[in-house]
Amino acid sequence: MTIEQVLEKEIEESKRWVDLEKENSTYKRDLIMRIELIYWVLENLKNPDTKICNLIESKMNEVILTINRTYSITEADKLHTELRIWDWIFYQVCSNIIKSQ
């Protein structure tokens with residue numbers, strides 16, 4: 001299975017859970033964020049000149065810097081969730097790239 005297929009499958013699964021979640025909850029918000037970030041990665045994977053691992057790592061560093069500057073627990077919680085999603089994506093995409101090389 002290609003990395004694109006893995007990510008698309010994750011989007012489908014996340015969408016299914018979003019549809020099942022009737023109330024606006026943290027879980028639903030996190031699923032929607034996951035879908036958006038995966039779509040962003042898929043778009044960037046279309047360009048063969050993109051160094052996707054460096055790009056994802058840069059996004060992760062931006063989130064870490066923002067967390068370090070945040071004094072709100074609520075805002076920091078959202079950012080930690082985003083960082084965990086980036087971490088999962090980074091592992092999926094970059095471990096696959098390393099294996100293929």
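Keep in mind that what you see is a predicted model, and the values were worked out from it rather than measured.
Checked against salt bridge (charged side-chain N to carboxylate O under 4.0 Å, His left out), Glu43 has the following partners two or more places apart in sequence or in another chain: Lys46. Residues satisfying the side chain to side chain donor-acceptor pair (under 3.5 Å) test with Ser25, not counting sequence neighbours, are Glu21. Remark: Glu23 pairs with no residue by the side chain to side chain donor-acceptor pair (under 3.5 Å) rule, at least two apart or across chains. Trp40 is linked by a ring pair (Phe, Tyr, Trp, His ring centres under 6.0 Å) to Trp86, counting only residues two or more places apart in sequence or in another chain. Scored by the salt bridge (charged side-chain N to carboxylate O under 4.0 Å, His left out) test, Arg84 finds no partners at all (sequence neighbours excluded). Val18 pairs by the side-chain contact (heavy atoms from CB on, under 4.5 Å) definition with Lys28, Leu31, Ile32, Ile35, not counting sequence neighbours. Residues satisfying the side chain to side chain donor-acceptor pair (under 3.5 Å) criterion with Lys15, sequence neighbours excluded, are Tyr39. Shown here are the side-chain contact (heavy atoms from CB on, under 4.5 Å) partners of Glu12, two or more places apart in sequence or in another chain: there are none. Residues passing the side chain to side chain donor-acceptor pair (under 3.5 Å) test with Trp88: none are found, sequence neighbours excluded. Applying the side-chain contact (heavy atoms from CB on, under 4.5 Å) criterion to Leu20, with sequence neighbours excluded, gives Arg16, Trp17.
Using a 4.5 Å cut-off between side-chain heavy atoms of Ile, Leu, Val, Met, Phe, Trp and Tyr, with links allowed through other members, Ile89 and Met1 fall into the same hydrophobic cluster.
Listed by first then second residue, pairs satisfying disulfide bond (SG atoms under 2.5 Å apart) with a partner in residues 12-53 read Cys53-Cys94, not counting sequence neighbours. Within the structure, side-chain hydrogen bond (donor to acceptor under 3.5 Å, both in side chains) pairs that include any residue of residues 50-70 comprise Asn47-Thr50 (at least two apart or interchain).
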